Amino acid sequence: MDVIEISDSEREEISSSSDMEVEMTEVDEVEQIVPKDTATIAEEKKKLGNDQYKAQNYQNALKLYSDAISLCPDSAAYYGNRAACYMMLLNYNSALTDARHAIRLDPSFEKAYVRVAKCCLALGDIIGTEQAIKTVLELEPQSSALTSEQQSVQKLRQLETTVQNNYDTQAYRNVVFYLDSALKIAPACLRYRLLKAECLAYLGRCDEALDIAVGVMKLDSTSADAIYVRGLCLYYTDNLEKGILHFERALQLDPDHQKSKRMRSKCKQLKEMKENGNILFKSGRYREAHVVYTDALKIDEHNKDINSKLLYNRALVNTRIGSLREAILDCNRVLELNAQYLKALLLRARCHNDLEKFEEAVADYETALQLEKTPEIKRLLRDAKFALKKSKRKDYYKILGVSRTATEDEIKKAYRKKALVHHPDRHAGSSVENRKDEELKFKEIGEAYAILSDARKKNRYDSGHDIEEQEQADFDPNQMFRSFFQFSGGRNASFNFDY
C-alpha cells in the first residue's frame, strides 16, 4: 500500500475534530493498511476455483484449489474440491489421494467417501469401492449418492469371475470381449488394460497389444506387467532375443513375476531348438532336423509367426527325404496361419507338380503371382500350365507299357504284345460290353504306336505339342495291325487267334 502524506494544515483540522472523528479516521487507516488473513484469501481462491469448475475450465480450477490448499492445508473441503476436479480430468489416482486426505482431516466428510468410491470403481478396485459405499451408508443410511456405483461394482465382480474362467481355459477372444465391458465400468484400470493386451498378443494382434503396453508405460515406466506385454509382443513376432531382454527387465522390477519367468524359459528353449534345427538342416542331417522342428512346434501353439516358419522348414526337410505329401500338409498348415507366406505357396506348388497334380500346381502359382509378380513366378506358372495340358492328353507310353526313354525296338515289341492281347478277333466270343472295351484298347494301342514309331510325331508329342487332328482322323487300327505284321515279317493278316 502506498504511504499517504498529510500537510500541517490538514493535521490541525484533524486535531480540532472530535475525538470520535479522530478514532474513526485511525480505524479506517488501519483497515487499509492491515492485509487480509490467509483463511480469507484461501476462501476467495476456492470460490474462484468453483467458478472455473462450473465453467468446465478444470485446469484453471485445479490451480486455484491448489493455491487454496497451500494457504490452508488443513481444510478437508479444499481437498474434496480438488479431488472432484482431478476426476473431471480423468486423473483418478490423484483424485483418490486427495479424497482420502480429506477423510483423514474430516472422517465424517460424506462427499469425500463418495469420491473415493467413484475413483476406486474407475480404477477397478472392487474392495475399495465396496468399503467406501459401506461407509457412506453408515454415515447416511438413506443416501442414494452411490446407487449407480453399487450396481456397477456388482457387475464388475461378475465380469472379473467370467474373465478369469475364460483366461484359465485359454479362451482369449472371450477374455478380450468381457474386458471391454469391464473397462467401460473401470476405464482407468491398468490391470484390465494389460490383461487385454496380453490376450491380444496371444491372438496375434500384437500391434494393438503394443499400443496398450506403451500407453501404460507412459503412466508408469516401472510397470513389470507392461514390460512383460512388450516382451510378449516381441516373442510373438519372432524377435526372441529382444523378448528375452524384456522378460529379464520385468523380473528385475518384480523378481516374483511368474509369467515373465515362464516366458523367458519358453523363449530361450524355442530359440535354441530353432537354431539347432537350422544347423542340422544345413548339414544335411534331415531326419534329425525333422525331429527337432517337430518338438519345437509343441512348445507354443499360439506363436503363429514362429510356428509358420518351423512348419515351412519341416516341409523343406520332407521334400529332401522324399515325403512330398507330408510336405504339402505342412505347407497347408503354414498357409492356414499366414495366407501371405509366399515361400510356402511356391513350395507346395512344386510338390504338387512333382506329384503330377498339375491343376493344384497351377492354382498355387496363380495365387503366388497375385502376391508377387516376378518373371520367375510367371515362368513357373507357364510351365505348370503346359504340364497340365500335357497331362490331359493320352499317355501313349503308358498305353504301350514302356518308359519315356524306350528304344524303337522296345516300342515295337510292346506294340506286338499288346496288339495281340487286345485284338477284337481274340474276343469275338465275349460279351458286347467286353468286346467294345477291347476294341477301344486295341485302337488306343494302335494310336500310341502310330505316334511313337514316327520320329517327327514322337518328337512333337514329347515336346508337349498336340498332334494335328487331321493326322489322326483317318487312322485305322486294323490297317496298322496288318501293316505291322506284314512289314515286320511276322504273322500275316490272315492270322488266326487261339481262343
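Side-chain atoms are counted along with the backbone in the values below, which use heavy atoms only and exclude waters and symmetry mates. Note that the structure is predicted; figures quoted are calculated from it, not measured.
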### Query
Can you list the steps and then say if I445 with L400 is a side chain to side chain contact (heavy atoms under 4.5 Å, CB included)?
CA-CA 6 Å; I445 291 165; L400 290 181; 3.9 Å; yes
Any side-chain heavy-atom pair from [X] and [Y] closer than 4.5 angstrom?
X    : Y    : value
K394 : I451 : no
K390 : Y461 : no
L324 : N318 : no
Y65  : K63  : no
L311 : L337 : yes
L253 : L251 : no
I185 : L159 : yes
R350 : T319 : yes

Is it true that a side-chain atom of [X] and a backbone atom of [Y] form a donor plus acceptor pair closer than 3.5 Å?
X    : Y    : answer
R314 : V292 : no
T129 : L121 : yes
Y192 : L123 : no
S265 : R262 : no
Y312 : Y341 : no
S144 : T147 : no
N307 : N303 : yes
H257 : S260 : yes

Cut-off 3.5 Å, side chains only: do [X] and [Y] have a donor facing an acceptor?
X    : Y    : answer
Y293 : N278 : yes
D220 : T222 : yes
D254 : Y228 : no
R249 : H246 : no
Q164 : D168 : yes

Is the [atom1] atom of [X] crowded by more than 12 outside heavy atoms at less than 6.0 Å?
X    : atom1 : result
K259 : NZ    : yes
R230 : CZ    : no
E376 : CD    : yes
K261 : NZ    : yes
E366 : CD    : yes
R435 : CZ    : yes
N165 : CG    : yes
F177 : CZ    : no

### Query
Out of T162, N166, T169, which residue meets the side chain to side chain donor-acceptor pair (under 3.5 Å) rule with N174?
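Among T162, N166, T169, the one meeting side chain to side chain donor-acceptor pair (under 3.5 Å) with N174 is N166.
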Could you tell me the separation between the [atom1] atom of [X] and the [atom2] atom of [Y], rounded to the nearest 0.5 Å?
X    : Y    : atom1 : atom2 : value
D300 : Y202 : CG    : OH    : 8.5 Å
N93  : D98  : CG    : CG    : 11.5 Å
D383 : N353 : CG    : CG    : 8.5 Å
E198 : M263 : CD    : CE    : 9.0 Å
K412 : S453 : NZ    : OG    : 8.5 Å
K304 : N338 : NZ    : CG    : 10.0 Å

Is any NZ, NE, NH1 or NH2 atom of the basic residue among [X] and [Y] found under 4.0 Å from an Asp or Glu carboxylate oxygen of the other?
X    : Y    : value
K298 : D295 : yes
K441 : D437 : yes
R426 : E438 : no
E275 : K271 : yes
R285 : E288 : yes

Residue pair [X] / [Y]: nearest heavy atoms and the distance that separates them:
X    : Y    : result
R115 : A99  : CB-CB, 4.2 Å
G128 : D125 : N-OD1, 2.9 Å
Y449 : I411 : CD1-CG2, 3.9 Å
C331 : L347 : SG-CD2, 3.8 Å
C267 : I244 : SG-CG1, 3.7 Å
R191 : G124 : NH2-O, 3.3 Å

### Task
May I have the step-by-step check of side chain to side chain contact (heavy atoms under 4.5 Å, CB included) for M217 and V214, ending in yes or no?
CA-CA 5 Å; M217 289 185 69; V214 170; 5.6 Å; no
### Query
Would you call the rings of Y172 and H302 parallel, tilted or perpendicular, where under 30° means parallel and over 60° means perpendicular?
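Y172 and H302: perpendicular rings.
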### Message
side chain to side chain contact (heavy atoms under 4.5 Å, CB included), that's the test. Do V163 and E160 meet it? Break it down for me.
### Response
CA-CA 5 Å; V163 164; E160 280 205 358; 5.6 Å; no
### Task
Apply the test side chain to side chain contact (heavy atoms under 4.5 Å, CB included) to residues E326 and V317: give CA-CA distance (whole Å), side-chain angles for both, the deciding distance (0.1 Å), then the verdict.
CA-CA 10 Å; E326 286 74 13; V317 169; over 6 Å; no
#### Entry: F281 and Y286 aromatic centres sub-6.0 Å
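Yes, ring centres under 6.0 Å apart.
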### Evaluation steps, side chain to side chain donor-acceptor pair (under 3.5 Å), between R104 and H101
CA-CA 5 Å; R104 284 194 293 273; H101 191 77; 3.1 Å; yes
